[in-house]
Protein chains: 2
Amino acid sequence: MTAKPAKPSVQSAAEAAMRADKAVVIGLNAAIVTVSESAPKILVVPHDEADGTGGWDALPFGPFNPLQHRTLEIGLRSWVQEQTQLELGYVEQLYTFGDRGRHSLEIEAPGEHVVSVGYLALTRSHDETLKGAAWRDWYQHFPWEDWRDGKPPIIEQAIVPLLREWVSRQAEATPDELSRGKRRDRMRLCFGVDGVDWDDEKALERYELLYSAGLLQEAARDGRPNALALTEKNVPPLGRPMQFDHRRILATAMSRLRAKIKYRPVAFELMPPAFTLYELQKTVEALLGLHVHKQNFRRLVENAGLVERTGRMSTRTGGRPAEQFRFRREVLNERPAPGLKLAPSRSRANS
Amino acid sequence: MTAKPAKPSVQSAAEAAMRADKAVVIGLNAAIVTVSESAPKILVVPHDEADGTGGWDALPFGPFNPLQHRTLEIGLRSWVQEQTQLELGYVEQLYTFGDRGRHSLEIEAPGEHVVSVGYLALTRSHDETLKGAAWRDWYQHFPWEDWRDGKPPIIEQAIVPLLREWVSRQAEATPDELSRGKRRDRMRLCFGVDGVDWDDEKALERYELLYSAGLLQEAARDGRPNALALTEKNVPPLGRPMQFDHRRILATAMSRLRAKIKYRPVAFELMPPAFTLYELQKTVEALLGLHVHKQNFRRLVENAGLVERTGRMSTRTGGRPAEQFRFRREVLNERPAPGLKLAPSRSRANS
DNA sequence: CTTATATATACTCATTCTGAGTATAATTAG
DNA sequence: CTAATTATACTCAGAATGAGTATATATAAG
């Protein structure tokens, strides 16, 4: 085990990378999220191409210029600021995708390749019209993810039957019990079939399952074999598709945010300076796509020291006025700053 | 809010990115982890340069060739396999770093830029010598992270005094109480000063804190202003440095793995097919750098249905023979597959 | 063979955390 | 004034958690 032998291979590999055939362009994609009127909204820019994907939303994206920006995040903030005038609060890197064939190819010049880095950004609700961009309820892209009014009908009416067909199609191809079970298990775990509970954090897994089952328009666009068969059968679109792999990035953002909200106080990035506990709850429920138990939610938020009273009351319609609270920034300097560990309320979520 | 206006800016930006000045090379870095003899080991390749960083370990890395590999992960698996003959089990993307100035620059040709994507990979312990590579106990790079024998002396003897100086240095520069408090709070939360508990998952935050305080040799290499002053003062090295930003990637891997082990059954990727519960515990403790309560650990692992008995006994030295268990793969198909939610044992951890 | 020592494993117990209610207070709509 | 509506406080059983104690089964020493 001498030091020398490894060096040539590793180093020369790195040097070989310098050549143009391995050069890629970094695309920075931002899933910019806000919540207003109990709906999580995602910032989209319109996209029109003659290739059949016209009208599909795209996430705002821009290239990373390494000469201009020291880090990827700085690069992202810079062009988002420039293009949207939004001030981003929380920003988090999600994932870097390098897949060939997961976005329409016309953007790639021959011999060049785009690697896309996805970011999640949160911003406080704000109604100004952004030039050319729009806020879209993210459940338009993921209608199966919103369980606030009970199980979304699209699951039993469309998704489960189509997936069952996909499961049995594999059964024909590979008749061994084991690998058929795999597809069935994936379906069960993702969509909560056969008594498995719904897991709000599996948004990405569900998207990927639907994609690989060929049930999404993106899969058809990418020419996935499964998808072609279904296109012929006139399967209705499952949610609004998005350009490139942007719906996948959005799914990643949803999963990450739904997980993060439970152990870090990120929900407050979406709230105004003062808010009632019920407003906070509505925001959280919007993101999770679930209802939570109101009294326990209060207890949790107050016991964790996440908020403090302002003394002011909210002039609301309806019943008794609610007190307004503010985020206790100090928690960030106390213990590892907790989030909103909450369990879905059985009473309404599973109706 | 028409659709048109945004299109030119977004699209043309993407097209502009095609030009060579924005092209970058993707470097794939692998933090390949195993555990043997109660020590977490990281695979390193030697690196010798005449620039003063000779002898620093490097993580194995290779370029991503988009023409050859469909996804980043496939590219990574491919050259790791090629270079090390290791079979990777679990692989997870960690983070994509684009920072200029966080690695010695000689690798970058003028006008070109390396963006590095870090990966965490787990592999079962295996003693064969790998050509040119070596397994290194990861605590050699992070001596402050191993609390299994009580608080590591380096914290009180070196780190805390140096950080205090760094805190007070800011107090001079910006005398306002608020921003001085920021440095102090960072120190407190990271290193568990003033009654704050040690958080094993903050490995990355601690590394970044030490780096930005200029206490690491990498900071000196990168010419960080803080670091220069300290080099003069003959500060002893805090842990073994690594080439480029590889120690940061390793810190990211540690943080991610320490977090993940608590909610996903990844520890079993590091275990042989059959193992005793104490062996499993030792592995987990090695990764966390903490002791856990033995009886409660057993209860947790068994109640969660993570293991099943094999009936065979372990022929061990010492006391009563222990039963061997195996991982219950079925948990993956049951509920969202839990991990090893464990609390550090107060009795020995804080000695 | 007996005893000390070491480890494995089972069982206990107080405390806290959770999930799910009930009870009561303060508003507005009629 | 009453019903409806929302806010907030309080209760309670069961599960999970942290920390032991008790007992079983081996090896090593004498």
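Order of the sequence lines sets the chain letters (A, B, ...), proteins ahead of strands, with each chain counted from 1.
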Round to the nearest Å and state the distance from [X] atom [atom1] to [N] atom [atom2].
X	N	atom1	atom2	value
A/Glu302	D/dA7	CD	P	13 Å
B/Tyr278	D/dA26	OH	P	19 Å
B/Phe297	C/dA10	CZ	C1'	17 Å
A/Tyr263	C/dC17	OH	P	21 Å
A/Asn303	C/dG19	CG	C1'	15 Å
B/Met313	C/dT7	CE	P	16 Å
B/Leu300	D/dT17	CG	C1'	10 Å
A/Arg320	D/dA7	CZ	P	10 Å

message: How long is the straight-line distance from CG of A/Leu204 back to OG1 of A/Thr252, given to the nearest 0.5 Å?
response: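 One finds 4.5 Å between OG1 of A/Thr252 and CG of A/Leu204.
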Selection from [options] that lies nearest to any side-chain heavy atom of [X]:
X	options	answer
B/Ala322	D/dG20, D/dA7, C/dT9	C/dT9
B/Arg299	C/dC13, D/dT8, D/dA24	C/dC13
A/Pro321	C/dA8, C/dA26, D/dA9	C/dA26
A/Asn296	C/dT9, C/dC13, C/dA20	C/dA20
A/His293	C/dG21, D/dA7, C/dT7	C/dG21
A/Gln295	D/dC10, D/dG20, D/dA7	D/dC10

message: With a 4.0 Å cutoff (strictly under), does any side-chain N or O of A/Lys294 reach OP1 or OP2 of D/dT8?
response: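 For A/Lys294, the contact criterion (side-chain N or O under 4.0 Å from OP1 or OP2 of D/dT8) is not met.
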query: Would you say a side-chain N or O of A/Arg298 is under 4.0 Å from OP1 or OP2 of D/dT8?
result: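 Yes.
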Residue of the set B/Arg256, B/Lys262, B/Lys260 for which side chain to side chain donor-acceptor pair (under 3.5 Å) holds with B/Glu201: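 By the side chain to side chain donor-acceptor pair (under 3.5 Å) criterion, B/Glu201 pairs with just one of B/Arg256, B/Lys262, B/Lys260: B/Lys262.
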- prompt: More than 12 non-hydrogen atoms from neighbouring residues, nucleotides or ligands closer than 6.0 Å to CD on B/Glu308, yes or no?
  reply: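 Atom CD in B/Glu308 is crowded, with more than 12 foreign heavy atoms closer than 6.0 Å.
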query: Any cation-pi pair here, B/Arg206 with B/Trp198, using under 6.0 Å and within 45°?
result: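 Yes.
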task: For the pair B/Tyr207 and B/Phe142, name the ring-plane relationship: parallel under 30°, tilted 30 to 60°, perpendicular over 60°.
output: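 The arrangement is perpendicular - the two ring planes meet at more than 60°.
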